[in-house]
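Working notes for the structure below.
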Amino acid sequence: MRNLGQYRIKGNGRTMNTTEGNVVAIDLSAAIVSVAEERPSVLTVANPQTGEDALPFGPFDPVRHRTLESGLRGWVDEQTHLDLGYVEQLYTFGDRGRHTRNPGEGPRVVSVGYLALTRQCSEHPAPDAQWRDWYRYFPWEDRRGQKPAVIADVIAPALKDFCNRAADRPAEKSRCDRARLCFGLDGMAWDEEKVLERYELLYEAGLVPESVRDGRAAAEKIKPFGVAMAFDHRRILATAIARLRGKMKYRPAVFELMPDGFTLLKFQRTVEAISGIRLHKQNFRRLVEAQGLVEGTGKFSAPARGRPAELFRFRREVLRERPSPGIRLGGRR
């Protein structure tokens, strides 16, 4: 891992620490999301130490970087050659051990995560960066087809064992309740926004490689629960996916991923790719029309076969008309 900008805490506003001699490293990480060909993707780089997939990241330099966001944009440009557009801060992650190979070694890392949305262009990113399908890391989150077999075949039995290993009956009940709520077990409804809660439950149960790496579980318990990422980057990505899934219900953030002109079918497929669920075509179209989110351009697509479809664009006036314009995911199929 590169030097993450280790700063001793001083009373100058740059860093903070209450224990003499302790060191804190401030890290900036970006979950850069795009959708192409119904494939929700995240831009990754390789961890120079292990080769694992990582989010673009780097240290915050309090001298060189005017703000946290400017520091983030600088690291992303250097590592991916991408000039970010829409960016918002997600969360600050500071758990001990999740940035070190051995718990307790090295500085305490405070990682500030960001969500960025962009449209994939024809130009390839930097040689060491590549777009990855985010369901590569969370295969249980894609429910656009059949319910993922990994839930019934692997996750549910493993979580049942986790429940049985609880110290007492109340703890066992709490674990079982969490499993049912997170993964929609025993007839419970699936909540597409609980991405982070599902990953954290698997982490706590010692069922993902990150649990072993952080010294919280034995290697023999590991199951094929998606591809691990460097450091705590899969946790940051889970937070980003959950944020986007929730945000598009009350803000038109999804249009940051759309071209200037698009068909309603392409728009629906983009929403489905992000949410991981299929939507009823006619209900979706009625919903979009009723909410006044798009308007026709008077132009039509030129498909290789089939009838041309009208092209639409985001109707920006909706931002002044309603306080929370977004896509309510009704009419699921």
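All of these numbers come straight from a predicted model, not from anything done at the bench.
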Exercise for review: Please assess Glu204 against Arg178 for the test salt bridge (charged side-chain N to carboxylate O under 4.0 Å, His left out), listing each intermediate value before the final yes or no.
Suggested key: CA-CA 12 Å; Glu204 184 181 330; Arg178 287 176 61 198; 2.9 Å; yes

Review point. Could you go step by step and tell me if Arg315 and Glu321 meet the salt bridge (charged side-chain N to carboxylate O under 4.0 Å, His left out) rule?
Key: CA-CA 11 Å; Arg315 194 175 71 86; Glu321 296 168 355; 2.6 Å; yes

Practice item. Kindly indicate, with the supporting measurements, whether the criterion side-chain contact (heavy atoms from CB on, under 4.5 Å) is fulfilled by Phe138 and Leu237. Key: CA-CA 10 Å; Phe138 307 99; Leu237 178 56; 3.8 Å; yes

Practice item. Using the salt bridge (charged side-chain N to carboxylate O under 4.0 Å, His left out) rule, take Glu38 and Arg278 through it: C-alpha gap first, then chi angles, then the decisive distance, then the call. Key: CA-CA 12 Å; Glu38 302 185 33; Arg278 282 290 182 217; 3.8 Å; yes

**Study point:** side-chain contact (heavy atoms from CB on, under 4.5 Å) evaluation trace for Phe267 with Val288
**Key:** CA-CA 10 Å; Phe267 182 39; Val288 170; 3.9 Å; yes

Exercise for review: Start with the C-alpha gap between Lys281 and Gln268, add the side-chain angles, then the distance that decides, and say whether side-chain contact (heavy atoms from CB on, under 4.5 Å) holds.
Suggested key: CA-CA 8 Å; Lys281 182 178 178 179; Gln268 179 178 339; 3.9 Å; yes

Check your understanding: Step by step, would you call Leu264 with Phe284 a side-chain contact (heavy atoms from CB on, under 4.5 Å)?
Key -> CA-CA 9 Å; Leu264 290 182; Phe284 179 83; 5.6 Å; no

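Inter-residue side-chain proximity for Arg322 and Pro325 is flagged as met; some heavy-atom pair is nearer than 4.5 Å. Contact of the Trp190 side chain with the Ile151 side chain is registered, since non-hydrogen atoms from C-beta on lie closer than 4.5 Å. Side-chain contact between Val112 and Asp27 is absent, with no heavy-atom pair separated by less than 4.5 Å. Looking at heavy atoms from C-beta onward, Val76 lies out of side-chain contact with Asp83 at the 4.5 angstrom threshold. No side-chain heavy atom of Pro209 sits under 4.5 Å from any side-chain heavy atom of Val212. You'll find the side chain of Thr263 stays beyond 4.5 Å of the side chain of Phe312, heavy atoms only. Looking only at side-chain heavy atoms (C-beta outward), Ile236 and Tyr114 stay at 4.5 Å or farther from each other. By the 4.5 Å heavy-atom criterion applied to side chains, Leu115 and Val87 are not counted as neighbours.
Put simply, the side chain of Trp75 gets close to the backbone of Pro59: a donor and an acceptor are under 3.5 Å apart. A donor-acceptor pair under 3.5 Å is formed between the side chain of Arg119 and the backbone N or O of Met258. A donor-acceptor pair under 3.5 Å is absent between the side-chain atoms of His65 and the main chain of Phe60, judged by distance alone. Under the 3.5 Å distance criterion, the side-chain polar atoms of Thr297 are matched with a main-chain donor or acceptor of Leu311. In terms of modelled atom types and a separation under 3.5 Å, the side chain of Thr80 and the main chain of Asp77 share no donor-acceptor contact. No donor-acceptor distance shorter than 3.5 angstrom exists from the side chain of Ser301 to the backbone of Pro308, with no hydrogens or angles considered. Proximity of a side-chain donor or acceptor of Ser275 to a complementary backbone N or O of Val271 within less than 3.5 Å is detected. Judged by distance alone, with hydrogens and angles left aside, the side-chain atoms of Ser34 form a donor-acceptor pair with the main-chain N or O of Thr118 at under 3.5 Å. Looking only at distances, a side-chain donor or acceptor of Asp142 sits under 3.5 Å from a matching main-chain atom of Arg144. Here the side chain of Glu272 pairs a donor or acceptor atom with the backbone of Leu279 at under 3.5 angstrom.
Nearest heavy atoms, Tyr137 versus Asp53: OH-OD2, 2.6 Å. Arg213 and Glu52 get closest at one heavy-atom pair: NH1-OE2, 3.3 Å. Heavy-atom minimum distance, Val35 versus Ala273: CG1-CB, 4.1 Å. Closest approach of Ala152 to Pro157, counting heavy atoms only: O-CD, 3.4 Å. When all heavy atoms of Leu201 and Phe183 are compared, the closest pair comes out as CD2-CE1, 4.2 Å. Between Arg165 and Arg175, the closest heavy-atom pair is C-NH1, 3.7 Å.
Note on ring orientation: taking the six-membered ring where Trp is involved, the planes of Phe57 and His233 are perpendicular (angle over 60°, cut-offs 30° and 60°). Note: Phe255 and Phe314 have parallel aromatic rings, judged against thresholds of 30 and 60 degrees for the angle between ring planes.
Look at Arg235 and Glu210 and you find no salt bridge, because none of the NZ, NE, NH1 or NH2 atoms lies under 4.0 Å from a carboxylate O. By the 4.0 Å N-to-carboxylate-O rule, Glu295 lies close enough to Arg313 to be salt-bridged with it. Taking a cutoff of 4.0 Å between a charged side-chain nitrogen and a carboxylate oxygen, Arg169 and Glu172 qualify as a salt bridge. Ion pair Glu88/Arg243 flagged as a salt bridge, since at least one NZ, NE, NH1 or NH2 atom sits closer than 4.0 Å to an Asp/Glu carboxylate oxygen. Between Arg198 and Glu141, at least one side-chain N (NZ, or NE/NH1/NH2) sits under 4.0 Å from a carboxylate O, which counts as a salt bridge.
Here Leu117 contributes atom CG and Lys247 contributes atom NZ; the two are 9.0 Å apart, rounded to the nearest 0.5 Å. Rounded to the nearest 0.5 Å, atoms CZ (Arg234) and CG (Leu196) are 12.0 Å apart. In this structure, Arg136 CZ and Arg39 CZ are separated by 9.5 Å, a value rounded to the nearest 0.5 Å. Interatomic distance, Asp232 CG to Ser29 OG, rounded to the nearest 0.5 Å: 7.0 Å. For the atom pair CD of Glu256 and CZ of Arg251, the computed distance is 10.5 Å after rounding to the nearest 0.5 Å. Taking CD of Glu192 as the start and CD1 of Ile241 as the end, the distance is 12.5 Å to the nearest 0.5 Å.
Hydrophobic cluster membership is shared by Ile327 and Leu319, with clusters built from Ile, Leu, Val, Met, Phe, Trp and Tyr side chains linked at under 4.5 angstrom. In the hydrophobic cluster analysis, where Ile, Leu, Val, Met, Phe, Trp and Tyr join through side-chain heavy atoms closer than 4.5 angstrom, Val227 is grouped together with Leu202. Hydrophobic cluster membership differs between Leu181 and Trp140, with clusters built from Ile, Leu, Val, Met, Phe, Trp and Tyr side chains linked at under 4.5 angstrom. Hydrophobic clustering places Leu90 together with Ile274 (ILVMFWY residues linked when any side-chain heavy atoms are closer than 4.5 Å, directly or through intermediates). A single hydrophobic cluster is seen to contain both Tyr86 and Val33, as judged by linkage of ILVMFWY side chains at heavy-atom distances under 4.5 Å, directly or through other members.
Under a cut-off of 6.0 angstrom, the local environment of CD in Glu317 is crowded, with over 12 non-hydrogen atoms contributed by other residues, nucleotides or ligands.
Every ring pair (Phe, Tyr, Trp, His ring centres under 6.0 Å) that Tyr91 has, sequence neighbours left out, goes to Phe93. Every residue meeting the salt bridge (charged side-chain N to carboxylate O under 4.0 Å, His left out) condition with Arg73, not counting sequence neighbours, appears here in chain and number order: Glu69.
The distance between the ring centers of Tyr199 and Phe225 does not fall below 6.0 angstrom.
Side-chain contact, Asp177 with Ser174: no donor N or O sits under 3.5 Å from an acceptor N or O.
Under the side chain to side chain contact (heavy atoms under 4.5 Å, CB included) test applied with Pro56, the options Ile32, Leu84, Leu72 reduce to a single match, Ile32.
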